[in-house]
Amino acid sequence: MAVKFAIATFALAFCCAAEPVKGEDFYLKRETPSGSCFGFELLITQLEILEQKLGKLDNLEQKLTKLDILEQKLSKLDTVEQKLSKVDHTLEKQVKNVFQSCSEVQSKISGKYRLRPDSNKQSFVGFCEQEKFGGGWLVIQHRFDGSVDFYRNWTDYKNGFGEIGGEFWIGLERLHKLTKDKNVTLMVEIEDFDGNYGYARYDEFEIGDEDAKYVLKRISGYSGTIGDSMMSTDKGCMFTTRDSDNDRYSSRNCAEISNGAWWYNFCSRTNPNGPYHKKEEWQKLHWDTHRRGVQLKFFRMMIK
């Protein structure tokens, strides 16, 4: 527009130069060549046409730019769709490999499996014993080498600790949800340092919630080879840790005395979460009805 305005101004000035210029002694007349003004008007018209074409070209360039942006967005959308497709495939694969319980696992190989006992709850990885006692058992506690410290506080016992597949405690909160209002069987396995192996089975097992201090609500139907160190002494007892004294020993904390954590009565006859060692010490991992006072090198609890 600025160029057109300049040319139009120049053309107007040039055409106006044909007007007579008068002096005192002479009369001077300058004329432009014939048709000069018309030529400039034609030039301006052509410039206007060219400007319109340039405007259309600018619009076209803008549309092409928008088209390029749209193509880029479409390309990104394709990438996102591909990723979503992979995620859907992965999720579908995972869903197929999530089991409601260890009993649903078809494999006869013991190991880690993803479980979702409640369809409304998040899944978790559990260790399933698939070879012994007919399989289908979920391991909830395991001791075998002393690599994990079990003398822990209430929060640790509530949430669980250790590594699945190694030494670990599944957590009281999860154990409560797994046993609440269900027909759950508890299996206990032990072995001492002399190689003596045995087991205890309880046909009923359930613990309460945290408000009830994870009380041992149900424990009955004993059978096995190592004697009953739970049903006759621990039923109805609340869980006790070193920082949460809920046992029936009014003057002392049994978790501190035993250096462990359990459903202690009056510091009862079993201490599965006690210190792991081979030394002859009274604070130890033991199951009292199996060779009273003997340290254990292997202890495992499972539910089904």
Side-chain angles (χ1 to χ4, degrees), residues 117-118 121 124 138-143 148-162 167-190 200-222 224 226-276 282-290 296 299-304:
D118 188 336
K121 302 295 183 181
F124 68 93
L138 172 64
V139 180
I140 61 174
Q141 188 254 29
H142 201 183
R143 309 283 307 276
V148 175
D149 181 13
F150 274 67
Y151 187 48
R152 294 175 177 254
N153 61 26
W154 180 266
T155 300
D156 285 346
Y157 270 96
K158 171 187 174 180
N159 297 326
F161 56 85
E167 289 201 331
F168 76 97
W169 173 265
I170 198 170
L172 290 165
E173 185 62 27
R174 177 160 289 159
L175 190 56
H176 160 64
K177 293 176 180 177
L178 289 169
T179 61
K180 180 183 177 183
D181 300 327
K182 298 181 178 70
N183 296 320
V184 175
T185 300
L186 173 68
M187 180 72 72
V188 176
E189 287 185 286
I190 68 170
R201 175 185 175 122
Y202 295 92
D203 292 334
E204 289 187 315
F205 175 66
E206 180 184 356
I207 69 171
D209 59 16
E210 186 174 17
D211 291 338
K213 302 299 182 182
Y214 299 113
V215 61
L216 188 55
K217 293 179 67 174
R218 286 192 295 164
I219 181 78
S220 64
Y222 165 80
I226 58 176
D228 170 28
S229 283
M230 285 185 68
M231 188 171 68
S232 60
T233 59
D234 301 335
K235 183 178 180 180
C237 293
M238 295 180 285
F239 201 84
T240 290
T241 61
R242 66 190 188 194
D243 61 338
S244 183
D245 185 0
N246 305 304
D247 58 54
R248 293 173 179 170
Y249 195 170
S250 59
S251 60
R252 296 288 301 276
N253 182 331
C254 289
E256 290 182 342
I257 294 174
S258 303
N259 205 9
W262 193 246
W263 291 279
Y264 295 115
N265 191 341
F266 292 95
C267 304
S268 62
R269 295 184 296 170
T270 184
N271 195 32
N273 297 321
Y276 187 98
W282 67 273
Q283 288 181 329
K284 56 184 174 290
L285 165 60
H286 69 97
W287 184 271
D288 218 29
T289 53
H290 168 77
L296 301 177
F299 192 98
R300 184 166 73 161
M301 294 197 300
M302 307 179 291
I303 59 173
K304 184 177 182 179

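In what follows, residues are counted from 1 in the order of the sequence shown.
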Check whether the side chains of N271 and Y264 place a donor and an acceptor atom closer than 3.5 Å, and report yes or no. yes
Residue that, paired with Y157, satisfies ring pair (Phe, Tyr, Trp, His ring centres under 6.0 Å) out of W263, W169, Y214: W169
Can T270 and V188 be said to form a side chain to side chain contact (heavy atoms under 4.5 Å, CB included), step by step? CA-CA 12 Å; T270 184; V188 176; over 6 Å; no
If we only count heavy atoms from C-beta on, is the I170 to Q141 side-chain gap below 4.5 Å? no
Provide the closest heavy-atom pair for Y151 versus G260 in the form atom of the first, atom of the second, distance. CD1-N, 3.6 Å
Distance, nearest 0.5 Å, that separates CG of L138 from CD1 of I303: 5.0 Å
Using a 3.5 Å distance criterion without hydrogens, assess whether the side chain of W287 forms a donor-acceptor pair with backbone atoms of E189. no
Only counting residues at least two apart or in another chain, list the ones meeting ring-ring contact (aromatic ring centres under 6.0 Å, His included) with Y222. Y202
Check: I219 and L186 side chains under 4.5 Å, non-hydrogen atoms: yes
Sequence neighbours left out, what passes side-chain hydrogen bond (donor to acceptor under 3.5 Å, both in side chains) with H142? Give chain and number order. none
Measure from NZ or CZ of R143 to the centre of the six-membered ring of Y276, then state whether that distance is under 6.0 Å and the direction lies within 45° of the axis. no
Within the 4.5 Å heavy-atom criterion, are R152 and T241 side-chain neighbours or not? no
Can you tell which of K180, K182, K177, K217 makes a salt bridge (Lys or Arg N to Asp or Glu O under 4.0 Å) with E206? K217
Run the salt bridge (Lys or Arg N to Asp or Glu O under 4.0 Å) test on E173 and K158 for me, step by step, so that the C-alpha distance in whole Å, both residues' side-chain angles and the decisive distance to 0.1 Å come before the verdict. CA-CA 5 Å; E173 185 62 27; K158 171 187 174 180; 5.3 Å; no
